Amino acid sequence: MSEDVMPGDLTKGPEWKVLLNFSFPLLLANLLQQLYLIIDSIIVGQFIGVEALAAVSACYFVYYFVISLMIGVGSGITVIVAQYFGAKRYNEVQLAATSFIIFILFAGIFLSVGGIYFADDIFQVMQTPAEVIPAAVEYFHIYIGGSFIFLIFNSLISILRGIGDARRPLVFILISSLLNAVLCYLFVVPLDWGIRGAALSTVVAQLAGVVIAIVYTNLKHPIISFRWKRLRFDSKIFMQGVRIGLPTSIQQSAIALGLIALLGIVNSFGTATLTAYGAAGKIDTFVSQPILALCSALTAFTGQNIGAQRFDRIKNGLRYSLLISAIISISAAIAITFFGDKIMMLFTTDQEVITIGKEYLLIVCSFYIFHGLMNTYNGLLRGSGATFFPMVVSLISLWIIRIPFAYLFSEIWGVTGVWWSIVTGWVLGFVATYIYYKMNNWKEKAVV
């Protein structure tokens with residue numbers, strides 16, 4: 001295919017316009033993906049009860065830990081795909097895509113089986129309130145059982161984004177999200193399947209997304225195909241992706257494990273605090289999606305422009321991204337300040353839960369700007385292939401700062417101290433990341 005008609009090229013055009021055009025579909029897609037958990041939580045909280053909502057909250061952090069290794073490897077393959085695409089080496093793009101899909105299928109099945117087997121032990125170790133464990137295990141068995149479907153779905157989306165296609169993944173996620181919302185209500189309310197119905201609706205919706213994404217890619221996409229005769233595993237390209245993605249895998253796993261450790265502290269304050277933490281955390285994650293979408297766009301943008309040797313465009317793209325990130329962070333903090341308690345009421349009418357959740361949101365959202373700036377720099381570093389340093393910073397900010405401070409602050413201020421430990425990690429992480437970026441070592445990490 002000629003370069004003139006190649007879709008998804010991020011190496012041409014005004015940097016700010018390219019980033020916004022690419023990040024907007026990413027934002028919508030990310031928001032829709034978060035709706036999986038939010039819709040489940042709203043329906044569970046309103047129609048089943050507080051303990052069931054606490055079970056969903058507990059499952060989220062465990063599930064994130066289980067799949068975090070695969071998410072990290074996926075980020076490495078995305079960078080490989082973007083850099084080969086920017087260098088116009090399209091055969092390697094196809095090999096990278098199929099190598100990753102083959103790996104993720106088998107790894108995802110392994111994780112599903114292991115997660116089901118150890119579910120009960122995991123929640124016991126986390127000191128989950130005894131009254132919450134039965135529902136958490138029931139929900140988790142179904143959710144983790146379908147994790148290989150989730151991983152394949154997100155892998156297909158990551159590959160398409162690596163070649164600059166953000167619009168088709170948005171359509172796939174939209175269809176899957178709408179189906180999830182309909183099925184969740186149907187399974188929980190009219191059919192009265194309880195918490196297992198909420199989990200099953202998500203698995204079925206993701207499976208539909210996988211089928212649609214594969215059919216579209218095979219029929220319509222000019223660069224990649226997942227037809228049986230084109231499925232090839234290239235160990236060299238795959239290991240390049242692992243080299244880039246492994247630090248992110250370790251980082252994601254450490255973050256997930258840290259969240260579980262933090263959850264253990266939160267659990268000691270009772271079911272109401274656990275429920276508030278889970279619900280407010282979903283709001284926090286939802287509100288931060290514009291920043292994360294921008295960072296994902298900057299990663300693909302950086303990868304393609306490194307492949308094309310356009311470092312001038314990378315620096316301009318970073319400058320615009322930092323400005324947009326700061327505006328988003330400040331706007332989100334203002335919105336949460338005025339409407340945080342009202343949003344909490346979507347999940348529950350329990351006043352104690354609402355009060356605790358609002359306090360969490362007020363503290364965390366006040367420091368969004370540091371979270372946004374840190375992730376923006378990390379987006380550039382990952383796109384260049386320099387994933388080791390962001391991993392180190394995450395490990396330090398989480399395990400040397402956030403977790404110890406959470407124990408210390410919670411002894412002094414109660415659960416409020418846990419919220420302050422989160423933002424302390426953000427501030428110090430941003431400072432370290434900025435210093436590394438200014439050292440310019442990231443320019444030497446490219447594959448192409």
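The model shown is predicted, which means the values in this text are computed figures rather than measured ones.
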Flag the pair [X] / [Y] as yes when at least one side-chain heavy-atom distance between them is below 4.5 Å, and no otherwise.
X      : Y      : result
Asp284 : Tyr368 : yes
Tyr84  : Leu95  : no
Ile324 : Leu20  : yes
Leu183 : Leu179 : yes
Phe311 : Asn305 : no
Phe110 : Phe148 : no
Arg227 : Leu219 : yes
Arg382 : Thr302 : no

Any idea which heavy atoms bring [X] and [Y] closest together, and the distance?
X      : Y      : value
Gly372 : Ile291 : CA-CG2, 3.6 Å
Ile195 : Glu138 : CG2-OE1, 3.5 Å
Gly317 : Leu19  : O-CD1, 3.3 Å
Ile159 : Val81  : O-CG1, 3.9 Å
Gly194 : Val188 : O-CG2, 3.6 Å
Ala198 : Ser201 : O-OG, 2.7 Å

Answer yes or no: is there a donor N or O on one side and an acceptor on the other, between the side chain of [X] and the main chain of [Y], under 3.5 Å?
X      : Y      : result
Ser147 : Ile144 : yes
Arg196 : Trp193 : yes
Ser99  : Ala96  : no
Ser177 : Leu174 : no
Ser384 : Leu381 : yes
Gln46  : Leu346 : yes
Asn218 : Phe226 : yes

Would you give the length of the straight line joining atom [atom1] of [X] to atom [atom2] of [Y], rounded to the nearest 0.5 angstrom?
X      : Y      : atom1 : atom2 : answer
Ile101 : Thr217 : CD1   : OG1   : 9.0 Å
His371 : Ser329 : NE2   : OG    : 8.5 Å
Leu200 : Leu186 : CG    : CG    : 10.5 Å
Phe103 : Leu151 : CZ    : CG    : 9.5 Å
Ile396 : Ile401 : CD1   : CD1   : 7.5 Å
Asn91  : Ile223 : CG    : CD1   : 9.5 Å

When you look at Ile133 and Gln124, which way does the side chain to side chain contact (heavy atoms under 4.5 Å, CB included) test go after all the steps? CA-CA 8 Å; Ile133 290 179; Gln124 294 283 354; 3.8 Å; yes
Taking only residues two or more places apart in sequence, or in another chain, which ones meet Asn154 in a side-chain contact (heavy atoms from CB on, under 4.5 Å)? Gln33, Phe150
Side chains of [X] and [Y] only: does a donor on one sit below 3.5 Å from an acceptor on the other?
X      : Y      : result
Arg313 : Asn316 : no
Ser321 : Thr376 : no
Tyr216 : Arg168 : yes

Would you confirm whether the ring centroid of [Y] sits within less than 6.0 angstrom of the ring centroid of [X]?
X      : Y      : answer
Tyr377 : Tyr434 : yes
Phe140 : Phe123 : yes
Trp426 : Phe367 : no
Phe100 : Phe238 : no

List the steps, then state whether side chain to side chain contact (heavy atoms under 4.5 Å, CB included) holds for Ile102 with Arg232. CA-CA 8 Å; Ile102 292 171; Arg232 291 177 55 197; 6.0 Å; no
Within 6.0 Å of OH in Tyr437, more than 12 heavy atoms from elsewhere: yes
Over 12 foreign heavy atoms within 6.0 Å of CH2, Trp16: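 Result for CH2/Trp16: open.
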Could you go step by step and tell me if Arg310 and Asp312 meet the salt bridge (charged side-chain N to carboxylate O under 4.0 Å, His left out) rule? CA-CA 5 Å; Arg310 292 297 307 273; Asp312 56 320; 3.0 Å; yes
Between Leu207 and Val203, is the side chain to side chain contact (heavy atoms under 4.5 Å, CB included) condition met? List the steps. CA-CA 6 Å; Leu207 178 59; Val203 173; 5.7 Å; no
Is there a side chain to side chain contact (heavy atoms under 4.5 Å, CB included) between Glu15 and Phe301 once you walk through the steps? CA-CA 9 Å; Glu15 293 88 351; Phe301 177 86; 3.8 Å; yes
Begin from the C-alpha positions of Thr202 and Asn180 and carry the test side-chain hydrogen bond (donor to acceptor under 3.5 Å, both in side chains) through to its verdict. CA-CA 5 Å; Thr202 301; Asn180 175 67; 3.0 Å; yes
